[in-house]
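Take a look at the structure below.
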Amino acid sequence: MFSRFNKKDGDSARNKSSSKKDVAAAADTFDEDMDLSAAKAAIRGKSMEDWSQAEVLGWLETIDLHEHKASFWSNKITGSELPTLTEDDMKSLGVTKIGQRKKLAKEISKQATADATSNSASTGTKSQSKANAADSETSEDASGSSTNGPVNVTLKLVNGKDIRALRVPMSITFSELRRSIKELFGHRMRLKYKDDDGDYVSIRRQQDLLDMFSDMQMEGRTRQRIFVSASKESTEATEAADDAKAKAVFAMFDVLLDAIIVINDEGIVQYCNASFEKLTGYSAKEVISKNVTVIMTEEYKRTHDAYLKTYLRTRTSKIIGVGRDIVYQRKDGSVSTLFLEVTEKLIGDKSYFFGTMKKPVDTQVRSVLQIEREVLDRLMVPAVIIDGRGTIHGFNNAATQLLGYQLVDVVGRNVNMLMTGIDKQNHDQYLKRYLETGKTKIIGIGRKVVAQTKDGSLKPVMLSVTEKQDGENRFFTGLMQDPNN
């Protein structure tokens, strides 16, 4: 079916020598004129057959198949075509893993069933109530109850001949389940279960657990066999490696002027930088390993843990990826408002939430760097901001679309990570020489360069660089445009 879409200049889409780069290039502009979060919100009130290309991409994100967005975009897949996808179509679209194809087919079937059911007025009312409840910070927060099936289920944990039963609520998060199983067996275990076709499906994150519970609800089952395995040594080594990787990521935020705080999926503070200490009056030692509610007022303390748990279960949020004004409490007991932006990042199999704390725009005395970032965030042109050492301080949404990196992937790292060849090798020296002599080959001029994306593909861009002074600091803003325009 999709060979007609995937052909480029007469070549088959299955020609691996060109498909990856061509698909990535086609996806670069998919979100130029719209916010994908708006597309995700729009699909709630639409039948699948009415979804636009962008809304299909938003849906792929919600079912945790975001890595296939580029392929779906380049093939112009709309909602009306989703139910017609065959096994071969999915393979042609790059969904090569059998588990992902099954998941895609299952989610399409679930959505088609939901659309058919919603034609009834009474069911439509229930669906709207469910959507409203999912978006509420307090819905199901305290009780964790569900109206769509059994509240509690029995998990039969099989580790060779060692078989144990664990009774849990369907509202349990992946972190809570993993911790409960660790308490039973004495160490962390790998988890998997058999689906209806007899294939093993790993449970590595919250979405995998939700998929398993969804299958149980659809089939009316209250029992599920889970196969657990792994030696104590291997899991401890994996945990140590993941923790080391997380700390390396956190360290990149040491150089930022904005206050940064990082929590895990249980709300426990893992990191904060010097700007956070200055803003709140708390030292890192006083907040790390404590619940983040330590800096919250009573109003937020009462609901935050339940809200985080609800987000992990439903993936519906009012703040993650959006940002909003909140009230926080300093160590001295005084309170103030700030604008909080939260980004989620998966490191190993753990979710971390990175909070950037800023004074509200209408009250803060903003630095040149802050103003520059705010301007660039509204631009459709990919842009990156670095300091005099080449450290990245800003990376707008258009740059994310072009290069595939999120802000948390690049901030605090050297900009040469985005470069190739001789530019990558010589950039630090070139920047140092410019700061010493004032002589430049690109600042204020611009030239063609090659950028490296997250997936390793190369992008030719026209790079123009401007310089700004922020107190004693110097910052450089690079705009990356299509060299053909």
Side-chain angles (χ1 to χ4, degrees), residues 136-144 168-169 171-183 188 205-206 209 239 242-243 246-247 249-251 253-254 258-358 408:
S136 170
E137 291 187 6
T138 57
S139 68
E140 300 184 5
D141 283 347
S143 65
V168 299
S171 59
I172 193 170
T173 66
F174 174 63
S175 293
E176 292 170 335
L177 176 62
R178 186 173 55 186
R179 187 166 57 249
S180 296
I181 294 176
K182 182 177 180 179
E183 290 173 357
R188 188 170 142 195
R205 60 186 71 180
Q206 182 68 25
L209 184 63
E239 285 189 34
D242 289 347
D243 290 343
K247 289 178 180 178
V249 172
F250 301 160
F253 293 88
D254 289 342
D258 288 325
I260 304 292
I261 185 170
V262 182
I263 66 172
N264 64 13
D265 55 9
E266 296 173 0
I268 305 302
V269 179
Q270 306 295 300
Y271 166 86
C272 64
N273 65 359
S275 297
F276 171 89
E277 294 177 309
K278 183 177 179 181
L279 179 69
T280 65
Y282 286 100
S283 68
K285 290 182 179 179
E286 291 174 309
V287 294
I288 290 178
S289 297
K290 303 284 183 62
N291 193 293
V292 69
T293 55
V294 70
I295 64 166
M296 297 180 181
T297 61
E298 288 302 320
E299 174 188 359
Y300 291 98
K301 282 182 180 179
R302 289 194 301 267
T303 58
H304 182 267
D305 287 351
Y307 170 67
L308 179 59
K309 184 175 179 180
T310 299
Y311 167 74
L312 291 170
R313 187 170 68 251
T314 66
R315 313 308 288 184
T316 301
S317 171
K318 289 185 176 181
I319 186 170
I320 296 171
V322 181
R324 70 173 183 182
D325 291 328
I326 66 166
V327 178
Y328 74 100
Q329 184 168 291
R330 300 187 185 94
K331 182 180 178 180
D332 62 11
S334 60
V335 297
S336 185
T337 59
L338 58 80
F339 185 79
L340 178 65
E341 296 174 341
V342 181
T343 303
E344 182 181 6
K345 182 175 178 64
L346 193 68
I347 303 177
D349 62 359
K350 298 179 182 178
S351 286
Y352 293 92
F353 299 90
F354 294 74
T356 302
M357 305 166 66
K358 303 176 182 180
V408 294

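Sequence positions, counted from 1, serve as the residue numbers for this chain.
- Between Asn273 and Ile260, the closest heavy-atom pair is OD1-N, 3.0 Å.
- Taking all atoms of both residues into account, the shortest heavy-atom contact from Ser175 to Glu266 is CB-OE2, 4.0 Å.
- Of all heavy-atom pairs spanning Glu176 and Ser171, the tightest one is OE1-O, 4.5 Å.
- At least one donor-acceptor pair closer than 3.5 Å links the side chain of Gln270 to the backbone N or O of Ile268.
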| Lys350 and Asp243: side-chain contact (heavy atoms from CB on, under 4.5 Å), yes or no, with the steps? | CA-CA 9 Å; Lys350 298 179 182 178; Asp243 290 343; 3.2 Å; yes

| task | Decide yes or no on side-chain contact (heavy atoms from CB on, under 4.5 Å) for Arg179 and Lys182, but give the supporting numbers first. | result | CA-CA 5 Å; Arg179 187 166 57 249; Lys182 182 177 180 179; 5.5 Å; no

| Under the side-chain contact (heavy atoms from CB on, under 4.5 Å) criterion, do Ile263 and His304 qualify, and how do the steps go? | CA-CA 12 Å; Ile263 66 172; His304 182 267; 4.2 Å; yes

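- Aromatic pair Tyr271/Tyr352: centroids not less than 6.0 angstrom apart.
- With hydrogens and angles ignored, the 3.5 Å screen pairs no side-chain donor or acceptor of Gln206 with any backbone N or O of Thr173.
- At a threshold of 4.5 Å between non-hydrogen side-chain atoms, the residues Leu338 and Leu279 count as touching.
- Within the 4.5 Å cutoff, no side-chain heavy atoms of Val292 are placed close to those of Phe353.
- Summarising the geometry, atom OG belonging to Ser275 is positioned 13.0 Å from atom CD1 belonging to Ile261; distances are rounded to the nearest 0.5 Å.
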| task | Using the side-chain contact (heavy atoms from CB on, under 4.5 Å) rule, take Tyr328 and Leu340 through it: C-alpha gap first, then chi angles, then the decisive distance, then the call. | result | CA-CA 10 Å; Tyr328 74 100; Leu340 178 65; over 6 Å; no

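- The two residues Glu277 and Ala284 come nearest to each other via the heavy atoms OE2-N, 2.7 Å.
- Side-chain atoms of Ile172 and Leu209, non-hydrogen and from C-beta on, do get closer than 4.5 Å to each other.
- Here the straight-line distance linking atom CG of Asp258 with atom CD of Glu341 works out to 8.0 Å at 0.5 Å rounding.
- Residue Tyr282 holds its OH atom at 8.0 Å from NZ of Lys331, rounded to the nearest 0.5 Å.
- No side-chain donor-acceptor contact under 3.5 Å links Gln329 to the backbone of Thr297.
- Donor-acceptor pairing under 3.5 Å is lacking for the side chains of Asp265 and Tyr311.
- When side chains are defined from C-beta on, Ser336 counts as touching Arg330, because their heavy atoms get closer than 4.5 Å.
- A distance-only check finds no donor-acceptor pair linking the side chain of Thr293 to the backbone of Met296 [under 3.5 Å].
- Here the closest heavy-atom approach between residue Gly267 and residue Leu308 is recorded as N-CD2, 3.4 Å.
- Here CD1 of Ile347 is found 5.0 Å from CZ of Phe250. Values are rounded to the nearest 0.5 Å.
- For the pair Thr280 (side chain) and Phe276 (backbone), a donor-acceptor distance under 3.5 Å is present.
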